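Single-structure report; data block below.
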Amino acid sequence: MATHKIAWLPGDGTGKGVMEAARIVLDAIGLDAEYIPGDVGWEFWCKEGNPLPERTVELLKRTDCCLFGAITSKPKEEAQEELAPELQTKGYTYYSPIVALRQMFDLYTNMRPCKAYPGNPLNYRDDVDIVVFRENTEGLYSGVEFHPLPQEVMDALSVHPKMKPFTHVSPEDIALSCRIFTRKGCQRIVRSAFEYAKKSGRKSVTVVEKPNVIRETSGLMIREARKIAQEYPHIELWETNVDAMAMWLIKNPQDYSVLVTSNMFGDIISDLCGQLVGGLGFASSANIGATYALFEPTHGSAPKYAGQYKVNPMAMLLATKLMLDYLGEVDAAQGLELAIADVIREGRVKTYDMGGTSTTLEVGEEVARKLC
Ligand code: IPM
Ligand code: MG
C-alpha cells in the first residue's frame, strides 16, 4: 500500500492543466502515493446541480490530504442559467465548493506564502517574503446571509440602536451578510501565525483588521492576538488597519513578514501580496485543519484559457511543495522549491505571463528535470 493517499481534484478550467504539471513533478520526485481522482466544479453543477457531489466528500474522508486545481464560481443568477434544463426547477442553488470544503473539513488556517524568487521579471521588488494567514471558516464568508430579510431577523436586530435607519426598509429592499467571529476562531488563526513565525525564525506578526470601526469582530481578533502574543516574547506583534495595510504593502512590502487576518480581508490582502511576487501565477495556498488539509493555487480557473495549456503552473507547483511539507516529506519539499527557484532564475522556460512562450506542461517538465 502507498504511504500517502491523496485526493486528486483538478476541478475545471485551467485547474486541469496545472494539475497535470503537478503530476509530472510528483512522478519525477517518485512520491510513494496513491492519487485518487474526484469530481468537483462547474461541470457537476451544470449536470447534477451540485458542484461538490457527496461522493467527493466521502473520497476526501478516506484520504490524508487533497490536491486541488481550480473551480469556476459565478454569481447566483448566472449559475442558475447554466444549470441543465431538467434541473432548473429542483431548487438547487450554486455555492462555492472550495469555501464549502474549508468549512466542512474545518480547515481553519489558510496559509499563503508570497515570496519573490530571484530573477522573476514580474517581481514588484526582489526582497518580498510575506506569509499571509487567513482565517478560513468564519467571518464574512460564513455564509449566514439573508435576502429578503425575514421579519424575525429584523426584529432581533432592532434591539441595536444603530438599526433605527433600517427598520422601515421593506424586506425585499434590504440584504444582510453576517460577519461572525468566534473567540476560538480568532485564537486558532493567530496561534497558527505565531507558531509558524516561531518555527521559521520570523520576527514579527502583523494582525490586519479594522477595530476602530468594526469594533466587536475586529476588536475580538485584536484582543485575542494581544493575549496570544505574550506567549511569544521573541516575536513582535504589530497591529495595522486593513486599509492602511494595503498602502504599506505597496510602499514598504519588505518590512512585513507574517500577516494574520480574517476571512475576507485575507482574501483581498493575499491577492495583493501575490501580485507583489509575480501575480497569481506564483501564489499558493495551504488550507489546514486539525485532521485534514487541502492544497491549491490561489488563482481561479480562468475558463477562457481552459484546455490551452497557457497558464503558469508555478502556483500549483508551490502548492504541491506545501503539500509535501504537510506530509512530512521535507526533503522532497525543499528539493521542489529549489527546482522551482532554479527554473525561475534561469528564465529559459517560462509561460506567457513572464514574457515566454512555454506551455504549462513544459514548465512542469523543466522543474521535473531540475529535480533529477
Ligand atoms: C480564494 C478564492 C476563493 C475565496 C473563491 C474562489 C471562492 O478567491 O481562494 O482566495 O474567496 O476564498
Ligand atoms: Mg481570493
Side-chain angles (χ1 to χ4, degrees), residues 9-16 18-19 40-45 50-52 56 66-76 78-79 82 93-114 130-145 177-181 185 189 192 208 242 245-246 249 259-289 293-306 311-312 314-316 318-320 322-323:
L9 267 53
D12 53 58
T14 55
K16 294 189 180 179
V18 295
M19 285 284 276
V40 73
W42 200 247
E43 187 188 332
F44 301 95
W45 160 250
N50 186 359
L52 176 61
T56 306
C66 171
L67 199 62
F68 187 96
I71 33 103
T72 302
S73 60
K74 299 189 185 180
K76 224 165 77 176
E78 262 177 76
E82 293 193 36
T93 358
Y94 182 77
Y95 61 93
S96 164
I98 186 67
V99 174
L101 282 169
R102 290 167 182 162
Q103 291 171 345
M104 220 178 258
F105 288 85
D106 200 20
L107 309 176
Y108 59 88
T109 295
N110 192 330
M111 175 201 176
R112 301 188 148 174
C114 300
I130 295 171
V131 184
V132 180
F133 281 79
R134 163 187 179 187
E135 201 294 322
N136 219 16
T137 54
E138 46 185 52
L140 249 178
Y141 293 9
S142 53
V144 181
E145 303 192 289
S177 302
C178 300
R179 190 177 201 248
I180 304 175
F181 283 32
I189 191 62
S192 287
V208 184
V242 63
M245 191 74 237
L249 283 170
L259 309 183
V260 60
T261 185
S262 49
N263 208 338
M264 185 184 74
F265 290 170
D267 189 17
I268 298 168
I269 286 290
S270 61
D271 271 22
L272 196 165
C273 291
Q275 189 57 39
L276 298 174
V277 299
L280 291 179
F282 294 88
S284 55
S285 298
N287 300 267
I288 303 179
L294 178 153
F295 303 86
E296 49 158 349
T298 300
H299 62 65
S301 66
K304 69 174 178 185
Y305 292 132
V311 303
N312 198 335
M314 288 302 189
M316 185 77 240
L318 288 164
T320 307
L322 295 173
M323 179 184 80

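Both ligands and their constituent atoms are indexed starting at 1 by order of listing. Only a predicted model underlies this, so the values are computations on that prediction, with no experimental measurement involved.
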Step-by-step side-chain hydrogen bond (donor to acceptor under 3.5 Å, both in side chains) determination, S177 to E145: CA-CA 4 Å; S177 302; E145 303 192 289; 2.6 Å; yes
Within reach of ligand 1, part of M264 (heavy-atom separation under 4.0 Å): neither
Any S96 heavy atom less than 4.0 Å to ligand 1: yes
F265 six-ring centre to R179 NZ/CZ under 6.0 Å and within 45° of normal: yes
Reported OG1-to-CZ distance for the pair T261 and F133, which is rounded to 0.5 angstrom: 13.0 Å
Nearest heavy-atom neighbours spanning R102 and N136: CD-OD1, 3.2 Å
Atom 1 (C) of ligand 1 [closest protein heavy-atom partner, distance rounded to 0.1 Å]: R112 NH2, 3.3 Å
Any N/O pair R134/ligand 1 closer than 3.5 Å: yes
Rounded distance (nearest 0.5 Å) linking atom OH of Y108 with atom CD1 of I189: 8.0 Å
Nearest non-hydrogen protein atom, atom 11 (O) of ligand 1: D267 OD2, 3.1 Å
Ligand 1 atoms in contact with Y141 (distance to a heavy atom under 4.0 Å): 11 (O)
Check: D12 main-chain N/O paired with W42 side-chain donor or acceptor under 3.5 Å: no
Atom 5 (C) of ligand 1 - nearest protein heavy atom and its distance: I98 CG2, 4.4 Å
Sub-2.8 Å protein N, O or S atoms surrounding the Mg ion (ligand 2): D267 OD1
Any donor-acceptor pair under 3.5 Å from S270 side chain to G266 backbone: yes
Minimum-distance pair of heavy atoms, taken over all atoms of A70 and H299: CB-O, 4.2 Å
Identity and separation of the nearest protein heavy atom to atom 3 (C) of ligand 1: R102 NH1, 4.2 Å
Passing option when T137 is tested against N263, N110, D106 for side-chain contact (heavy atoms from CB on, under 4.5 Å): D106
Over all atoms of both residues, closest heavy-atom pair of G13 and A306: CA-CB, 3.8 Å
Side chain, backbone, both or neither: V99 near ligand 1, heavy atoms under 4.0 Å: side chain
